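Treat the numbers as computed from the prediction; the structure is a model and nothing was measured. In what follows, chains carry the letters A, B, and so on, assigned in the order in which the sequence lines appear, proteins first and then strands, with residues in each chain numbered from 1.
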There are 2 protein chains.
Amino acid sequence: MDPVRRPRGRPRKSVLLEPAALGPRRGLHDQAAERLRGLIVEGTLSAGSALVETELSAALGISRTPLREALKLLAVEGLVELRPNRSPRVAELQADAVTELFEAIAAIERAAAELAATRITHAELERLRRLQTEMEAHHAARDLGPYFALNQQIHALIVACARNTPLREAHDALHARAEIARRRALDSRARWDESVAEHRAILAAIEAGDAAGAGRLLSDHVGHTGTALLAGLARHAAA
Amino acid sequence: MDPVRRPRGRPRKSVLLEPAALGPRRGLHDQAAERLRGLIVEGTLSAGSALVETELSAALGISRTPLREALKLLAVEGLVELRPNRSPRVAELQADAVTELFEAIAAIERAAAELAATRITHAELERLRRLQTEMEAHHAARDLGPYFALNQQIHALIVACARNTPLREAHDALHARAEIARRRALDSRARWDESVAEHRAILAAIEAGDAAGAGRLLSDHVGHTGTALLAGLARHAAA
DNA sequence: TTTTCGTGCTCTGCATGCAATTGATGCCAA
DNA sequence: TTGGCATCAATTGCATGCAGAGCACGAAAA
C-alpha cells in the first residue's frame with residue numbers, strides 16, 4: 001500500500017490576494033508584499049497592530065513561508081517592525097520620524113533634480129510639461145484625487161530622469177511611508193496653491209538646465225510639504 | 001508501531017557559520033545574510049556565480065528557509081540578483097553601476113554633512129577630530145589597512161551625526177556595494193594624499209558650522225573617490 | 001494584598017516534503 | 001544536419017510539521 005498521498009493543495013485564494021493577471025508572474029511573496037504594503041498605507045492594517053503569521057497567511061490565502069518573506073521585505077522598507085520571537089507589528093510613524101523622512105526625501109530629490117536638469121531628454125521634458133499642465137487643470141477644477149496622482153507622477157518622473165538606479169530605489173523605499181503620513185494628515189489642500197506654483201518653478205529650472213536651482217527648489221518644496229504635513233498631523237492628533 | 005520518529009536535528013554547524021557570541025542572538029536568516037554579505041564583498045563568492053539553495057544551505061549549516069530569507073534581503077541591497085525559478089546569482093558590478101553608486105553616495109553624504117554641520121555635538125566633534133588625527137597618523141606611516149578603517153569610520157560618523165535614520169539606512173544599504181568596488185580597484189592609494197587633505201577640509205567646514213561648504217566638500221570628495229576607483233577598475237580590467 | 005513561580009497555550013523560527021517550472025538531452029522526422 | 005518534441009534531472013517555490021520561546025493566567029508563598 002502506498003503511503004497516504006494527501007493532496008497538499010494550496011489554500012483557497014481569498015479576496016485579499018487576487019491574480020490581477022499582471023505581466024511577469026511574480027512569486028507569492030512578492031504579491032503578498034505588495035498587497036500588505038497597500039493595506040498598511042491605506043490604513044486597513046493600522047499602526048501598531050500585530051501581524052500574526054497564521055491569521056495573515058490565512059487571510060491572504062497563502063502559507064506562512066512566503067508571508068514571512070514578504071514581512072521581512074516590508075521590515076526593510078520600515079513599514080513593519082520585526083521583534084524576535086514575537087508577532088511583527090505595523091510600524092508606528094512618530095512625528096520626528098516624519099521629519100526625518102521628509103528630510104531624506106528632500107535630500108534625494110534635490111540630487112535627482114540636479115542630475116535630471118542635465119540629463120533629461122526632450123521627450124521626457126515634454127512629458128513633464130504635459131503632466132504639469134494636467135495637474136494644473138485638476139488644481140483649477142479642485143479635483144484633489146487626480147491632482148495628487150499627477151503630483152506623484154511628476155516627482156517620480158524627475159527621479160527617473162536622474163538615471164540613477166540606487167537613488168531611485170532609495171526614493172521608492174521611502175515613498176510608502178511618506179504616503180502614510182500624507183493620508184493621515186488628510187487636509188492636504190492646505191498648501192495647494194503654493195505647491196502648484198513651486199512645481200511650476202521647478203519645471204522652469206529644469207527646462208533652463210539650471211541644476212542647482214532645480215535641486216534647491218525641489219528640496220525646498222519637499223521640505224515645505226513635510227512641515228505642512230507635520231502641522232496637519234498635529235492638528236489631526238489634537239482632535 | 002509508531003510512525004518513525006527521526007530526530008529532526010538541526011544540521012551540523014559548518015565553519016562558515018559560527019556563533020560569534022554576539023549580543024542579541026539574531027535569527028539564522030540574519031546571521032546568514034551577514035555572512036553572505038561578507039563572502040560577496042570579499043570576493044569569495046565571485047560576481048555572477050550561481051547561488052544554489054541546497055549547496056549554500058549545506059555550506060552554511062542551515063536549512064533552505066532562513067537562507068532564502070537572507071537571499072531576499074541581499075537582493076534588496078543589490079548584492080544578489082533574483083531570477084524567477086532560477087538560481088540567484090551574485091550581482092555583477094558594471095562600470096556604469098559604479099558611477100551611479102558613487103553619485104548616490106555623494107548625494108546622501110552631502111545631505112548628511114549639511115545636517116551634521118548644524119547638529120553635531122561637542123563630543124562627536126571631538127571624536128571626529130580624534131579619528132582624523134589617527135587617520136593622518138596612519139597615512140604618514142603608510143598603513144593602508146588601518147587608514148581605510150578610519151576613513152570609513154569618519155564617513156559613518158558624519159552620517160550618524162546627521163541624526164536622520166532613513167538617510168543613514170540608505171547609506172548603509174549602498175555601503176556593501178561600494179566596498180566591493182573598492183576591493184576590486186586595489187590600487188586604493190592612488191589618491192591618498194589628496195584624500196587626506198579633503199578630509200581635513202571637510203572637518204574644518206563642519207567645525208565652522210558651514211553646512212553648505214561641508215556638503216559640497218564631502219560630495220566632491222566622494223565623487224573624486226568614485227572616479228579614481230572607476231579608473232582603477234578600468235586599469236584592473238585591462239590587465 | 002502583592003510577589004513569585006508554574007502551567008498551559010500561542011506563536012515564531014526552522015527543517016523538510018511535495019509539486020511545478022526550467023534547461024538539458026536525446027529521439028525522430030524533414 | 002536541423003528543427004521540433006518528449007522526457008529527465010535539477011532546482012526553486014510553497015506548504016506544513018515540530019520544537020522552543022514568550023505571554024497569560026492562576027495558585028502558592030510572603
Side-chain angles (χ1 to χ4, degrees), chain A residues 2-14 16-17 19 22-36 48-75 80-90, chain B residues 2-14 16-17 19 22-36 48-75 80-90:
Chain A
D2 272 333
V4 187
R5 285 268 291 205
R6 272 167 307 117
R8 302 165 116 236
R10 50 192 60 192
R12 163 178 271 99
K13 278 183 183 165
S14 89
L16 282 180
L17 198 65
L22 289 170
R25 251 248 283 320
R26 302 154 309 152
L28 289 187
H29 50 88
D30 213 355
Q31 297 178 47
E34 188 175 317
R35 191 84 188 106
L36 287 175
S49 61
L51 300 172
V52 180
E53 293 183 0
T54 334
E55 293 174 10
L56 255 191
S57 62
L60 294 173
I62 63 178
S63 81
R64 289 173 50 218
T65 307
L67 173 66
R68 285 172 56 85
E69 294 172 352
L71 287 173
K72 293 234 162 43
L73 285 194
L74 297 175
V80 158
E81 192 185 346
L82 247 41
R83 306 167 303 169
N85 286 318
R86 216 146 315 173
S87 294
R89 312 165 110 198
V90 178
Chain B
D2 273 332
V4 186
R5 286 266 292 203
R6 272 166 307 117
R8 300 165 117 239
R10 49 195 59 196
R12 161 177 273 101
K13 278 183 184 162
S14 88
L16 283 179
L17 197 65
L22 289 171
R25 251 251 281 317
R26 303 152 309 152
L28 289 185
H29 49 89
D30 214 353
Q31 297 178 47
E34 188 175 317
R35 191 84 188 103
L36 287 174
S49 62
L51 301 172
V52 180
E53 293 183 359
T54 344
E55 292 174 9
L56 254 191
S57 61
L60 294 174
I62 63 180
S63 82
R64 288 173 53 220
T65 307
L67 173 66
R68 286 171 56 83
E69 295 172 352
L71 288 173
K72 293 230 164 42
L73 285 194
L74 297 176
V80 157
E81 192 184 348
L82 245 42
R83 304 167 304 169
N85 286 317
R86 216 146 315 167
S87 295
R89 311 165 105 194
V90 178

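- Within the 4.0 Å cut-off from OP1 or OP2 of C/dG13, at least one side-chain nitrogen or oxygen of A/Arg68 is found.
- In the set D/dG13, D/dT11, D/dC14, the nucleotide with an atom closest to the side chain of B/Glu53 is D/dG13.
- To the nearest angstrom, P of C/dC14 lies 11 Å from CG of A/Leu82.
- To the nearest angstrom, P of D/dT12 lies 9 Å from CG of B/Leu67.
- At whole-Å resolution of the value, CZ in A/Arg26 and P in C/dT21 are 17 Å apart.
- Taking atom CD1 of residue A/Ile62 and atom P of nucleotide C/dA19, one finds them 20 Å apart after rounding to whole Å.
- Positionally, the nearest nucleotide of DNA chain D for A/Glu69 lies more toward the 5' end than for the other of A/Glu69 and A/Asn85.
- Straight-line distance from the NE2 atom of B/His29 to the P atom of C/dA15: 11 Å, rounded to whole Å.
- Atom CG of residue A/Leu56 and atom CG of residue A/Leu51 lie 5.5 Å apart, to the nearest 0.5 angstrom.
- Whole-Å rounding puts the B/Glu55 CD to D/dA10 C1' distance at 11 Å.
- The closest side-chain heavy-atom distance from A/Leu36 to A/Leu60 is below 4.5 Å.
- The side chain of A/Val52 approaches C/dC11 more closely than any other nucleotide in the set C/dC11, D/dT12, C/dC14.
- Rounded to an integer number of Å, the gap from A/Arg83 CZ to C/dT10 C1' is 14 Å.
- Partner of A/Glu53 under the salt bridge (charged side-chain N to carboxylate O under 4.0 Å, His left out) criterion, out of A/Arg86, A/Arg64, A/Lys72: A/Arg64 alone.
- Taking atom CZ of A/Arg86 as the reference point, atom P of C/dT10 lies 18 Å away to the nearest angstrom.
- Within the nucleic acid shown, A/Leu51 comes within 4.0 Å of sugar-phosphate atoms alone, with no base atom in reach, counting heavy atoms only.
- Distances shorter than 4.0 Å separate none of the side-chain N or O atoms of B/Thr65 from OP1 or OP2 on C/dT16.
- How far CD1 of B/Ile62 is from CZ of B/Arg35: 11.5 Å, rounded to the nearest 0.5 Å.
- Contact annotation: A/Arg64 does not reach the phosphate of C/dT12 (side-chain N/O to OP1 or OP2, under 4.0 Å).
- Taking each heavy atom of B/Ala70 and B/Ala33 in turn, the nearest pair found is CB-N, 3.6 Å.
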